[in-house]
Amino acid sequence: MVVLAVHGGAGGDGPWRGMTDADPQRVACMQALLADIGQRLASGELAASEAVCLAVECMENEPLYNAGRGSVLDAEGNISMDASIMRGHDQAAGSVVGLQSSRHPVRAAERLMENGWPVMLAGPAGDVFAAENGVEQVEKAWLETQLRRAQWNKWRRERLRPGATDEEDALLDHDAEHDGWGTVGAVALDVHGNLAAATSTGGMTGKPPGRVGDTPIIGAGTWADKHIAVSCTGVGEAFIRTAAAHAVASFHKDRSLESAAEAMLDLVEPLGGRGGVIAVNQKGEVVMPFRTMLMYRGWYRDGVVDVGIGPSFLQSS
Ligand code: ASP
């Protein structure tokens, strides 16, 4: 059995209010990539690590997700993108922090992983490495969308509200717009029984320049070993403080996958870590719990694609 599962970020409070005008485009993106990459994974054409990288690249291309083109803007109105990838069977990993000109941060992370050393690169050195390793470089204006600028303008106006705290200033994407955009991630199990995970983000709207969330931190936002692959989304600081992705792996040693993922969310919640997680294990079991209004998510399993935003899946295809 092969599995490919993806998320497009979590956020929002209260009951899900149904699809927004922009949601069909996000759903179509997930469905298309799950059907295509899932089938190629099933045929044995793709290894798990290439499948998760391609899946995240598709979502980095979709401007309505908060990764690659369409990333959110930091407090100074700039884009800086983080991504990581991990391969389960040998625990090889690659991670980039604060990229500003690479079209596909996850591909930069994958090239680092293939390179073997170092595991992480930050700032301009990450973009230079990416460019030297064939990752397309783009202008800042290409990465930024009108929607993100409008969202940032709104954040800036509201930030000036008396009583706003620093913590409230950096918003999860969905919270800012009451609409869904988010960090993206993928986990996969291939025909050889190998696992991989990848995650990519523009971070949080209004984040201080230089802020690093959980996404590029191996063990926090992303983890894969011989038994499990995990990708997280949510308020990154709490996921860092609990080594969240690795915590799911640790809990899964003596608990079901579902209970392991819920136990991790129990850990991050008291630290303000609203969010969600996707995980797949060696048996091909998949879980996608979240503690927010919504989490964009979907999977390919046994030739079937399911996607969801609110509490239940939308449809099968
Ligand atoms: N985890 C990401 C971060 O803190 C945000 C997200 O998941 O939407 O940068």
Side-chain angles (χ1 to χ4, degrees), residues 6-13 26 56 59-60 62 64-68 70-75 78-85 95-99 105-106 109 120 122 148 151-152 155 166-187 197-223 230-248 261 264-265 267-269 271-279 288-297 309:
V6 296
H7 71 74
D13 286 320
R26 299 189 186 101
V56 169
M59 295 175 95
E60 287 175 339
E62 170 51 70
L64 292 178
Y65 289 117
N66 173 21
S71 285
V72 299
L73 309 185
D74 71 14
N78 294 315
I79 286 176
S80 68
M81 303 169 290
D82 304 334
S84 64
I85 186 166
S95 159
V96 286
V97 174
L99 298 196
V106 74
M120 294 183 86
R148 295 308 189 196
Q151 190 179 356
W152 182 78
W155 165 80
D166 285 343
E167 206 170 289
E168 284 163 352
D169 281 354
L171 294 175
L172 271 187
D173 204 13
H174 318 297
D175 298 342
E177 282 297 315
H178 307 292
D179 194 359
W181 293 289
T183 291
V184 305
V187 294
T199 317
S200 179
T201 191
M204 295 164 83
T205 301
K207 67 183 180 181
R211 178 258 186 189
V212 182
D214 59 318
T215 301
I217 298 179
I218 300 299
T222 304
W223 179 260
V230 183
S231 172
C232 300
T233 177
V235 179
E237 283 66 16
F239 286 77
I240 294 172
R241 291 164 63 198
T242 52
H246 187 264
V248 180
M264 179 278 278
L265 293 175
L267 275 186
V268 298
E269 205 163 278
L271 307 184
R274 294 178 314 109
V277 58
I278 59 173
M288 312 178 126
F290 54 101
R291 302 262 173 101
T292 44
M293 178 178 81
L294 60 79
M295 182 169 79
Y296 293 91
R297 64 200 186 282
I309 304 175

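Hydrogens, waters and symmetry mates play no part in the numbers below; they use all other heavy atoms, side chains included. Residue indices begin at 1 and follow the sequence shown. Each ligand, and each atom within it, is numbered from 1 in the order the structure gives. All of these numbers come straight from a predicted model, not from anything done at the bench.
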How close do G221 and A245 get, heavy atom to heavy atom, and via which atoms?
-> C-CB, 4.0 Å

May I ask you to test the M204-N66 pair for a side-chain heavy-atom distance under 4.5 Å?
-> no

Heteroatom proximity flag, C232 to ligand 1, N/O under 3.5 Å = no

Give the numbers and elements of all ligand 1 atoms closer than 4.0 Å to a heavy atom of G236.
-> 4 (O)

Answer with side chain, backbone, both or neither: which part of T215 has a heavy atom less than 4.0 angstrom from an atom of ligand 1?
-> side chain

Salt-bridge present (E237, K207; N to O < 4.0 Å) | no

Quick look: R211 vs ligand 1, heavy-atom contacts under 4.0 Å, and the answer is side chain

Check against side chain to side chain contact (heavy atoms under 4.5 Å, CB included), M81 and E60 = CA-CA 10 Å; M81 303 169 290; E60 287 175 339; over 6 Å; no

G203 heavy atom under 4.0 Å from ligand 1 = yes

Can an N or O of T201 be found at a distance shorter than 3.5 Å from an N or O of ligand 1?
-> no

Under 3.5 Å: N/O of D214 near N/O of ligand 1 | yes

Got a sec, which residues hit side chain to side chain contact (heavy atoms under 4.5 Å, CB included) with A109, two or more places apart in sequence or on another chain?
-> I85, V96

Pairs touching residues 212-221 that satisfy salt bridge (charged side-chain N to carboxylate O under 4.0 Å, His left out), sequence neighbours left out = none

Of all the atoms in ligand 1, which lie at a distance below 4.0 Å from a heavy atom belonging to T183?
-> 2 (C), 5 (C), 6 (C), 7 (O), 8 (O)

Does at least one non-hydrogen atom of G234 fall below 4.0 angstrom from an atom of ligand 1?
-> yes

Please report the closest heavy-atom contact between M120 and V97, naming both atoms and the distance.
-> CE-CG2, 3.8 Å

Any idea which atoms of ligand 1 are less than 4.0 Å away from a heavy-atom of T233?
-> 6 (C), 7 (O), 8 (O)

